[in-house]
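Here's the structure, in structure tokens; my notes come after.
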2 protein chains.
Amino acid sequence: MAATIHDVAREASVGIGTVSRVINNSPRVKPATRERVLAVIDKLQYKPDPIARSLVSKRTNSLGVIVPFFTRPFFMELLRGVEIVSARLERELILYNVETNAQRDHYFSELPMRRKVDGLLIVSLTPGDAVSRRFQDAGLPVVLIDAYSPLFTSLVVNNVEGAYEAVKFLIEKGHRRIGFINGLIEGNFKFNQANDRLIGLHRAFGEAGLLFEPELVLTSEWSRMGGKQAALQLLSQQKRPTAIFAASDMQAVGVLEAAKELGILVPEQLSVIGFDGIEVSELLELSTIYQPVQAMGEQGAALLVELIDNPAKIPELIRFDTKLLERHTTGPALTPVTHSEEQGLPEGEASRLATRHLL
Amino acid sequence: MAATIHDVAREASVGIGTVSRVINNSPRVKPATRERVLAVIDKLQYKPDPIARSLVSKRTNSLGVIVPFFTRPFFMELLRGVEIVSARLERELILYNVETNAQRDHYFSELPMRRKVDGLLIVSLTPGDAVSRRFQDAGLPVVLIDAYSPLFTSLVVNNVEGAYEAVKFLIEKGHRRIGFINGLIEGNFKFNQANDRLIGLHRAFGEAGLLFEPELVLTSEWSRMGGKQAALQLLSQQKRPTAIFAASDMQAVGVLEAAKELGILVPEQLSVIGFDGIEVSELLELSTIYQPVQAMGEQGAALLVELIDNPAKIPELIRFDTKLLERHTTGPALTPVTHSEEQGLPEGEASRLATRHLL
DNA sequence: TTGTACGCGTTATCAA
DNA sequence: TTGATAACGCGTACAA
């Protein structure tokens, strides 16, 4: 059996109060007795029991993070940031992964009650009013990452601006028929992100005097497969787009796959730009709108800990800027080609080129 | 303030013992009073405090997982498996990420003491004798994944066999000069894996009567960059290999990058095969040795929970088989080319082909 | 079937 | 500067 504070007290011939003061380095203890107690602690290998400690202190020294689809690269890189500072600040990290609305609601309703965490980081999910009130009533510190609520400190990336830049960039390259594959609003996950990116697109279109063509805008899951399906649809239209902007890198990867399957050369015949700037975008030399995901994770965790230490802190809104990363999937627009006239390149050669893998 | 068991007892005019029996559905309570208590519980929104509960029950309902470099795809996919079953079994998941020996030792020594978790999953790390004893003395259930110890239930993949198959496959394709980029033994992380894969290589070489050429075997970090550096070195030798086997997919990706940089065509001039079968290998159409990582995570978590419920369970060793995934980075060996004679393809064309990205 | 009292291992209060 | 004692919220013998 592990030693308790009583064992130490007895062995050192002091009261448990004194031992407690020693382990919490209170100054109110005579150096001599402190030494003695410390010696016994060392001898008995005594470690205060964190559970008993939290029972009275109401603190668990751990951070909870609610994150949807945590294996997706975007969330992984964010989690990495969170982990870095939670480790540095010596907090345990409890992972609440959500894949369904039911799971989300479950955590949203359970977590405020059972005080298993000192604070909560909510990623890419926006708690509704009722839920928000529960968090507040429970006095549970909350920080939102990639989501916004006036009630909580929120870290967001400028999605509108990012999307605007992506589209403007394509327009400047001469593209006029620009497809957009937006991300699905998965049961209110990712609601703002999808919306904002659409707004940015509209703004760029408006500025350039382009009219918005509904048949060029599709919605898919935030995944490779989703992007591929959507791209297949977009690219088999009569007058297919010369450029596609995808709301996430994974979707953009799907676009690349679709293009390859159709024998369409990127970037010669089709420009593709993604959103996120995750590692695969680098591997595939995908042009993209980079967002500082890891930094957001780090700062989010840091702010949460601050908030835990000072619950009176008022919520703030922190914005992060995106950055356009021009790589090799975007190029100037050619004169638009229709299906019937695209025989310029000998069939064999085109598909051979298109089939070359190797990043 | 949240309601406690006392509030419920008073409101329902019963003793706290009865309330306790109700929430733990003990049969020893009259249906009528149970109803009454349940009603009050509902009315007061009472939830038993998990901390107070663990203080007496000695259980936290949470699983700890010690994992090195958790953002690396291999570990991510494993974690996904762990998360799936920990969520299903309603256990919290606490993440202990390890990036240095110091961190590993820290967790190894702290975790057995502070009973913050009911059990521990240790991934790709082999605890030494002293540490193992600590875990056992503390009575902390432990399951090893991708690591082996006779003291704990261990889930391992047949690395020797996997490496053997990879190399045999290359040999059957006609390759004779086969480079091997092994993974670094990072302060004893991944020790067995690297060793086993080398053994598999030797076996295949031996069977085929090939002699082992030390200059074709390098070691690098288990990363893209590491693989790339090693490949650059391998491929700039006078008589460069016609095939490279990398100990991990990420390293293999680095090999592809190196080949591209040198204008070497894959698979025409160089075959590349990786190990792991992570998602990027699919994206890049990389041939590889697949290991059922997610399944290992799932089963590891399930076994850990079993062990927690029945600590007397004796350790078992569970093996998983690899599977060769032939994709598009491996092909038949050409007659070896030396640097001076590889001008067969016009310079421009070769590099143009090699530069084509698009998966 | 039900209620009471005690213990789990700490921290905090207060008197000494 | 110290020690005794009361919480913290729950599970559980034991008594009724």
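Reminder, nothing fancy here: chain letters follow the sequence lines and each chain counts from 1. All values derive from a computational prediction rather than experimental measurement.
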Q. Which part of the nucleic acid, if any, lies within contact of B:S54, taking any heavy atom under 4.0 Å across all strands shown: a base, the sugar-phosphate backbone alone, or nothing?
A. nothing

(Q) Any base atoms under 4.0 Å from B:S13, or only sugar-phosphate, or nothing? Heavy atoms, all strands. (A) sugar-phosphate

Proximal nucleotide (of [options]) relative to the [X] side chain:
X     : options               : result
A:R21 : D:dC10, D:dT5, D:dT2  : D:dT2
A:I16 : C:dT1, D:dG9, D:dT5   : D:dT5
B:K30 : C:dT10, D:dT2, C:dT1  : C:dT1
B:N24 : D:dT1, C:dT11, D:dG11 : D:dG11
B:V56 : D:dC10, D:dT2, C:dT11 : D:dC10

What is the distance, rounded to the nearest whole Å, between atom [atom1] of [X] and atom [atom2] of [N]?
X      : N      : atom1 : atom2 : result
B:R36  : C:dT2  : CZ    : C1'   : 11 Å
B:H6   : C:dC6  : NE2   : P     : 13 Å
B:I23  : D:dT12 : CD1   : C1'   : 12 Å
B:R115 : C:dG9  : CZ    : P     : 11 Å
B:M113 : C:dG9  : CE    : C1'   : 15 Å
A:R59  : C:dG9  : CZ    : C1'   : 19 Å
A:I51  : C:dT11 : CD1   : P     : 14 Å
B:L55  : D:dT12 : CG    : P     : 13 Å

Report yes if some heavy atom in the side chain of [X] is under 4.5 Å from a heavy atom in the side chain of [Y]; otherwise report no.
X      : Y      : value
B:I308 : B:L304 : yes
B:V117 : B:L63  : no
B:F108 : B:I122 : yes
A:N24  : A:R53  : yes

Q. If you count the non-hydrogen atoms of other residues, nucleotides and ligands that lie under 6.0 Å from NZ in B:K30, is the total more than 12?
A. no

Q.
Atom NZ of residue position A:K43 - does it have more than 12 heavy atoms of other residues, nucleotides or ligands inside 6.0 Å?
A. no

Has [X] got a side-chain N or O lying under 4.0 Å from the OP1 or OP2 atom of [N]?
X     : N      : answer
B:R53 : D:dG11 : yes
B:T4  : D:dC8  : no
A:K58 : D:dG9  : yes
A:S20 : C:dT11 : yes

(Q) Closest-nucleotide mapping onto DNA chain C: is A:P48 or B:G15 further toward the 5' terminus? I mean the 5' end. (A) B:G15

Q: Would you kindly compare A:T18 and B:G17 by the position of their nearest DNA chain D nucleotide and give the one closer to the 5′ end?
A: A:T18

